[in-house]
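Step one of this worksheet: look at the structure below.
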Amino acid sequence: MELKIYEEKKGIIVSGLNDFEPRHIFECGQCFRWDREEDGSYTGVAHSRVLNVKKEGDIVIFNNTSRSDFEGIWMDYFDIGRDYSAIKEKLRKLDEHLERSVEFGYGIRLLKQDVWETTVSFIISANNAIPKIKKTIDTLSYLANEEIIEYGGRKFYAFPSPETIHMFHEKCVDNCKAGYRAQYIKDSCSMIINRDVDLERLAEFGSHECRKELMRLPGVGPKVADCIMLFALQKFDAFPVDVWVKRVISSLYNQEDMSLNKMREFALGRFGDLAGFAQQYLFYYARENGVGRK
DNA sequence: ATCCAGGGCGGGT
DNA sequence: ACCCGCCCTGGA
């Protein structure tokens, strides 16, 4: 089906957009700045813009944007050019768990998010629960006060740059309830500003080098590095093992008494260059259905 | 009040 | 290479 874009007064309408379900995209654990509205749509901030996304039947309504922003920014962000039907077809043939997971989260897409925002967000995510992570990121953005965007009578705040966070760290980082992760954020910030790690160049690295480089940042271990690779750098052979994925691997795939790294290697061997996509479908299915929970 | 969930770090072996 | 105790916050 061909992609068609229709311009409206305050947004655009897109038809022919397959494998796109806002609920699946925004609730599968990859992002923290999108919130569900009463009408089932989602509103979020990215690239200093506020967008509202709503699915109605076979069409998707993108509110508060233009054709040029959609084509220049959001197509990329929502990974519109990728054929998810083909990916899902390959995955569902692998085993029954993926078949069920792909069926359940059929509208998942991997967002291509800003690498700095993703890095800070997943440093905050370590040993932390999703509602709290969201609150901390919102508070950090609000306190940094870098850029305010109005939408629907509400104020939204762009995610602050390394320079802004560094300059106002006492105000924003120390007061956003990040706990012991606050120091990791401040130290990572300094490393980025000093060009000790160049986030913008990481996408050019091979996966192994990219992972090693990310893990030089304080607060970035194996799992957080894999999240940054998968959710910002399009390294689709990354396979983040969090508690839910651990439950999937041990209970569904019967690989118990295995270290987290062994589980990751097991998944890479089994799912290959589609491991990252597999992780998202399995994670979403496991968390929504409480797979393997005690 | 006490317990628990959630990954990285640093110090062991 | 693996293991363990600790780190902070909010909700049960």
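Given the structure is predicted, the values throughout are model-derived calculations rather than measurements. To find a chain, count down the sequence lines: A is the first, B the second, and so on, and within it residues start at 1.
Between A:Lys235 and A:Glu213 no salt bridge is recorded (no basic side-chain N to carboxylate O distance below 4.0 Å). With salt bridges taken as basic N to acidic carboxylate O contacts below 4.0 Å, none links A:Arg100 and A:Glu103.
Between its two ends, the helix from B:dT2-C:dA12 to B:dT13-C:dA1 turns its axis by 40°, counting five pairs per end and rounding to 10 degrees.
Distance, A:Arg216 CZ to B:dG8 P: 17 Å, rounded to whole Å. Protein atom CG of A:Asn127 is 11 Å distant from nucleotide atom P of B:dA5, rounded to whole Å. For A:Trp244 and B:dG7, the CH2 to C1' distance is 16 Å, given to the nearest whole Å.
Heavy atoms of A:Asp242 sit under 4.0 angstrom from primed sugar atoms or phosphate atoms, though from no base atom.
The distance from the OG atom of A:Ser101 to the CZ atom of A:Phe277 is 15.5 Å, given to the nearest 0.5 Å. Remark: A:Met229 CE to A:His208 NE2 distance equals 10.0 Å, nearest 0.5 Å. Separating the CG atom in A:Asn64 from the CZ atom in A:Phe156 is a distance of 9.0 Å, to the nearest 0.5 Å.
No donor-acceptor contact under 3.5 Å links the side chain of A:Tyr184 to the base of B:dG7.
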Problem set entry | Full working for side-chain contact (heavy atoms from CB on, under 4.5 Å) between A:Val291 and A:Tyr285 | CA-CA 8 Å; A:Val291 169; A:Tyr285 177 80; 3.8 Å; yes

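First and last contacting nucleotides of DNA chain C toward chain A (any atom under 4.0 angstrom from a heavy atom, 5' to 3' order): C:dC2 to C:dG11.
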